[in-house]
Chemist: 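Have a look at this one.
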Amino acid sequence: MSIQARRERERAERERLIVRAAREPAEAEGWEAVTTRRPAGDPPADHLADTHECSQPVLYCHFTGKDAIMAAVAVEGFADLAVEIRAAHTSASGPEQALADVAAAHGLMTLTRGGRLPPEHHERRLALLLRRFAT
């Protein structure tokens with residue numbers, strides 16, 4: 001492997017690590033939890049510049065700013081969502097089941113994953129979606 005190819009591979013891996021490090025707090029707590037700098041007194045693991053021993057200048061070598069990091073997180077999230085929706089749609093036995101599976105894969109997965117929809121409300125929300133869109 002050439003030096004250039006190794007550097008490109010390492011750069012792509014660092015970008016994936018930065019996106020993953022930003023995605024976790026964004027999904028759990030919202031975008032406000034994603035910060036690029038560590039204010040004095042904050043624990044180092046809570047900020048992107050300290051995650052994976054990546055300095056702030058390195059962050060800005062990969063991304064032009066927090067908005068670019070957020071966009072990369074969104075693109076990755078939409079790619080994951082597309083995989084989930086495609087799998088839900090193709091495995092369904094009929095149109096109503098496809099709608100239920102796609103609804104569960106999309107909105108309900110997103111709400112549940114972010115902690116905004118408690119698991120005990122999942123079935124009720126799914127029934128509401130089906131009543132709304134199945135007619």
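Nothing fancy with the numbering, it's 1 onward along the sequence. Values below: all heavy atoms of this structure, side chains included; hydrogens, waters and symmetry mates excluded. Every value quoted in this text rests on a predicted model; they were computed, and no experiment measured them.
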Chemist: Indicate, with yes or no, if V83 and V73 share a hydrophobic cluster defined by side-chain heavy-atom contacts under 4.5 Å among Ile, Leu, Val, Met, Phe, Trp and Tyr.
Modeler: no

Chemist: If you compare all heavy atoms of A5 against all heavy atoms of S2, which two are closest, and at what distance to 0.1 Å?
Modeler: N-OG, 3.1 Å

Chemist: So do I18 and H62 actually touch side chain to side chain, heavy atoms under 4.5 Å?
Modeler: yes

Chemist: Around atom CZ of R86, are there more than 12 heavy atoms of other residues, nucleotides or ligands at under 6.0 Å?
Modeler: no

Chemist: Minimum heavy-atom separation for Y60 and G65, please, with both atom names.
Modeler: CE2-CA, 3.3 Å

Chemist: Grouping I, L, V, M, F, W and Y whenever their side-chain heavy atoms are under 4.5 Å apart, do V75 and I85 come out in a common cluster?
Modeler: no

Chemist: Not counting sequence neighbours, which residues clear salt bridge (charged side-chain N to carboxylate O under 4.0 Å, His left out) with R16? List them please.
Modeler: E13

Chemist: Could you check whether any side-chain heavy atom of V19 comes within less than 4.5 Å of a side-chain heavy atom of I69, counting everything from C-beta outward?
Modeler: no

Chemist: Please walk me through it: do D80 and R23 pass side chain to side chain contact (heavy atoms under 4.5 Å, CB included)?
Modeler: CA-CA 12 Å; D80 291 348; R23 186 173 177 178; 2.6 Å; yes

Chemist: Atom NZ of K66 and atom OG1 of T35: how far apart are they, to the nearest 0.5 Å?
Modeler: 7.0 Å

Chemist: Any chance CZ of R6 has more than 12 other-residue heavy atoms, nucleotides or ligands included, within less than 6.0 Å?
Modeler: yes

Chemist: Sequence neighbours left out, what passes salt bridge (charged side-chain N to carboxylate O under 4.0 Å, His left out) with E24? Give chain and number order.
Modeler: none

Chemist: Working to the nearest 0.5 Å, report the span between SG of C61 and CD of E15.
Modeler: 10.5 Å

